[in-house]
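Just so you know, ligand 1 is whichever comes first in the structure, and atom 1 is the first atom listed for that ligand. Along the sequence shown, the residues carry numbers beginning at 1.
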Amino acid sequence: MNKSIQLAVHGAAGRMGQRVLALAAEDSAIEIVAAIEHAASPKLGVDAGLNAGISALDLELSADWPAAASCVIDFSLPVAVDDCIAKCVETKTPLVMATTGLTEIQKALLHDAAKTIPIVFAPSMSMAVNLTMKVTQQITETLKNVPGGLDIEILERHHRFKADAPSGTALRFGELIAEKMDGDVTHLHGREGETGQRTRNEIGYHAIRVGDNPGEHTIVFGMLGERIEVNVAASNRDCYASGAIVAAKWLQDKSAGLYSMFDVLGL
Ligand SMILES: NC(=O)C1=CN([C@@H]2O[C@H](COP(=O)(O)OP(=O)(O)OC[C@H]3O[C@@H](n4cnc5c(N)ncnc54)[C@H](O)[C@@H]3O)[C@@H](O)[C@H]2O)C=CC1
Ligand SMILES: O=C(O)C1=N[C@H](C(=O)O)C[C@H](O)C1
């Protein structure tokens with residue numbers, strides 16, 4: 001059978017790379033053509049499927065890029081992203097960039113690359129998270145001028161292994177919410193000491209690192225007399241992995257450009 005997508009996974013031995021491989025292996029439309037890891041990985045040469053806890057894929061974890069792929073899904077680390085973007089541009093391969101913690105320079109690189117190839121770039125591939133982003137924008141718009149004022153704080157919880165804080169998703173929630181607030185917004189990361197009273201136009205961020213939590217975000221809308229808390233929580237990583245696969249399929253007929261999961265999901 002001719003499979004419609006030849007998929008390369010970058011960061012293939014990581015927590016997310018493993019789940020993308022596992023879900024892609026079950027998808028009859030996908031042929032996995034590469035499971036890419038860094039050149040010093042002790043896992044090079046190991047079967048990518050066995051490493052992911054599924055049946056052998058007869059495909060080794062390798063530092064080599066495939067001769068051809070119709071999409072790359074990247075769940076790696078910021079240090080690995082420049083090379084991934086360059087390889088995708090060089091080979092004109094559509095890219096799903098899911099890695100968080102990118103610098104402003106790396107975001108500019110993505111913008112440049114998107115002049116040549118189609119790219120989906122989103123800090124969360126989860127449908128529930130993206131829908132929640134829309135909901136929090138609506139809440140902000142409705143309540144921003146409530147008598148007594150509206151205080152917005154973003155709490156995120158993740159596993160102890162996470163390398164960046166706050167999460168890319170928390171930062172995106174903050175950006176999207178700030179778009180709906182009036183005037184300049186201060187983004188405040190944690191509080192300590194003689195902070196004085198909370199100011200009006202600030203968004204507070206709090207990053208909690210506990211155990212094996214695969215990702216949870218709570219947006220608190222505090223008013224005088226009542227409060228809304230919107231919580232979206234993953235119970236495992238498949239919401240992100242399946243979202244990335246949906247994005248990879250969606251990219252197949254797209255022209256060059258930088259897209260978000262809102263575009264993919266039609267939100
Ligand atoms: N957008 C989304 O929906 C989600 C994004 N993420 C982000 O994805 C990234 C990866 O997360 P995890 O899988 O938990 O991390 P991880 O640390 O388990 O996996 C990262 C993998 O990338 C590999 N890697 C490092 N340098 C490389 C290179 N030069 N070339 C190829 N591979 C390289 C590592 O060896 C490792 O296997 C993080 O930035 C995380 O925040 C995680 C979950 C969901
Ligand atoms: O590192 C993780 O695990 C996650 N990272 C992403 C982020 O930083 O927002 C998405 C998800 O919350 C899981």
- [ ] Examine Pro78 against ligand 1 and note whether any of their N/O atoms are separated by less than 3.5 Å.
- [x] no
Open item on the list: Below the 3.5 angstrom mark, is there an N/O of Arg15, backbone or side chain, next to an N/O of ligand 1?
Closed with: yes
Show me the short polar-atom pairs for ligand 2: any N or O of it lying under 3.5 Å from a protein N or O, with distances only.
| residue | atom | partner | partner atom | Å |
| --- | --- | --- | --- | --- |
| ligand 2 | 1 (O) | Lys162 | NZ | 2.9 |
| ligand 2 | 3 (O) | His159 | NE2 | 2.8 |
| ligand 2 | 5 (N) | Lys162 | NZ | 3.1 |
| ligand 2 | 8 (O) | Thr100 | OG1 | 3.4 |
| ligand 2 | 8 (O) | Lys162 | NZ | 2.7 |
| ligand 2 | 8 (O) | Gly168 | N | 2.9 |
| ligand 2 | 9 (O) | Gly168 | N | 3.3 |
| ligand 2 | 9 (O) | Thr169 | N | 2.8 |
| ligand 2 | 9 (O) | Thr169 | OG1 | 2.5 |
| ligand 2 | 12 (O) | His158 | NE2 | 2.6 |

Open item on the list: Applying ring-ring contact (aromatic ring centres under 6.0 Å, His included), can you list everything that pairs with His38, at least two apart in sequence or on another chain?
Closed with: none
Task: Test item: Gln106 and His111 side chains (from C-beta on) under 4.5 Å apart, heavy atoms - done: no
TODO: Answer yes when Glu175 and Arg172 have at least one side-chain N-carboxylate O distance shorter than 4.0 Å, and no when they do not.
DONE: yes
TODO: Check ligand 1 against Ala122 and write out every atom of the ligand that is under 4.0 Å from a heavy-atom position of the residue.
DONE: 1 (N)
Task: Heavy-atom check, side chain of Trp65 versus side chain of His10, under 4.5 Å - done: yes
- [ ] Examine the proximity of ligand 1 to Pro123 and report which part, side chain or backbone, both or neither, has a heavy atom under 4.0 Å away.
- [x] backbone
TODO: Report, in ascending order of atom number, the atoms of ligand 1 lying under 4.0 Å from any heavy atom of Lys162.
DONE: 41 (O)
Please tabulate, for the side chains in residues 251-258, all donor-acceptor contacts under 3.5 angstrom to protein atoms that are two or more places apart in sequence or on a different chain.
| residue | atom | partner | partner atom | Å |
| --- | --- | --- | --- | --- |
| Gln252 | NE2 | Ser70 | O | 3.0 |
| Gln252 | NE2 | Ala248 | O | 3.0 |
| Lys254 | NZ | Trp250 | O | 3.2 |

- [ ] Measure the distance from atom 4 (C) of ligand 1 to every protein heavy atom, then report the residue, atom name and distance (to 0.1 Å) of the closest one.
- [x] Phe75 CE2, 3.4 Å
Task: Check: Met16 and Met125 side chains under 4.5 Å, non-hydrogen atoms - done: no
Open item on the list: So, using side chain to side chain donor-acceptor pair (under 3.5 Å) as the criterion, who are the partners of Ser55 when residues are at least two apart?
Closed with: none
Task: ligand 1 N/O within reach of Glu37 N/O, cut-off under 3.5 Å - done: yes
Open item on the list: Geometry only, no angles: is Ala98 polar-contacting ligand 1 at N/O separations under 3.5 Å?
Closed with: yes
Open item on the list: Need the ligand 1 atom indices (1-based, order shown) with element for anything under 4.0 Å from a heavy-atom of Leu77.
Closed with: 25 (C)
Task: Nitrogen or oxygen of Thr100 less than 3.5 angstrom from that of ligand 1 - done: yes
Task: Contact (N/O only, under 3.5 Å) between Gly14 and ligand 1 - done: yes
Open item on the list: Is it the case that over 12 heavy atoms from other parts of the model lie below 6.0 angstrom from the CD atom of Glu179?
Closed with: yes
TODO: Check whether any side-chain heavy atom of Arg19 sits under 4.5 Å from a side-chain heavy atom of Tyr240, and report yes or no.
DONE: no
Task: Residue Met16 vicinity, atoms of ligand 1 by number, heavy atom under 4.0 Å - done: 13 (O), 42 (C), 43 (C)
Task: Protein contact of atom 29 (N) of ligand 1 - nearest heavy atom, named by residue and atom, plus distance - done: Ala80 CB, 3.2 Å
Task: Ala13 heavy atom under 4.0 Å from ligand 1 - done: yes
TODO: Flag the pair Ile203 / Val185 as yes when at least one side-chain heavy-atom distance between them is below 4.5 Å, and no otherwise.
DONE: yes
Open item on the list: Taking Glu153 first and then Arg191, would you say they form a salt bridge - that is, a charged N and a carboxylate O separated by under 4.0 Å?
Closed with: yes
TODO: Starting from atom 30 (N) of ligand 1, locate the nearest protein heavy atom and write down its residue, its atom name and how far away it is, to 0.1 Å.
DONE: His10 NE2, 3.2 Å
Task: Modelled atom types, side-chain donor and acceptor of His217 and Thr132, under 3.5 Å - done: no
TODO: Decide whether the shortest distance between a heavy atom of Lys43 and an atom of ligand 1 is less than 4.0 Å.
DONE: no
Task: Nearest protein heavy atom with distance in Å, relative to atom 32 (N) of ligand 1 - done: His38 N, 3.5 Å
Open item on the list: How far is atom 3 (O) of ligand 1 from the closest protein heavy atom, and which atom is that?
Closed with: Met125 N, 2.7 Å
Open item on the list: Closer than 3.5 angstrom, by distance alone: can the side chain of Asp47 be matched with the main-chain N or O of Asp58 as a donor-acceptor pair?
Closed with: yes
Task: Any N/O pair Ser126/ligand 1 closer than 3.5 Å - done: no
Open item on the list: For atom 38 (C) of ligand 1, tell me which residue out of Ser76, Ser167, Ala165 has the closest non-hydrogen atom.
Closed with: Ser76
Task: Leu95 CG to Leu110 CG distance, which is reported to the nearest 0.5 Å - done: 7.0 Å
Task: Side chain Asn201, main chain Asp182, donor-acceptor under 3.5 Å - done: yes
- [ ] Examine Tyr240 against ligand 1 and note whether any of their N/O atoms are separated by less than 3.5 Å.
- [x] no
Open item on the list: For a 4.5 angstrom cut-off between non-hydrogen side-chain atoms, does Thr140 reach Leu176?
Closed with: no
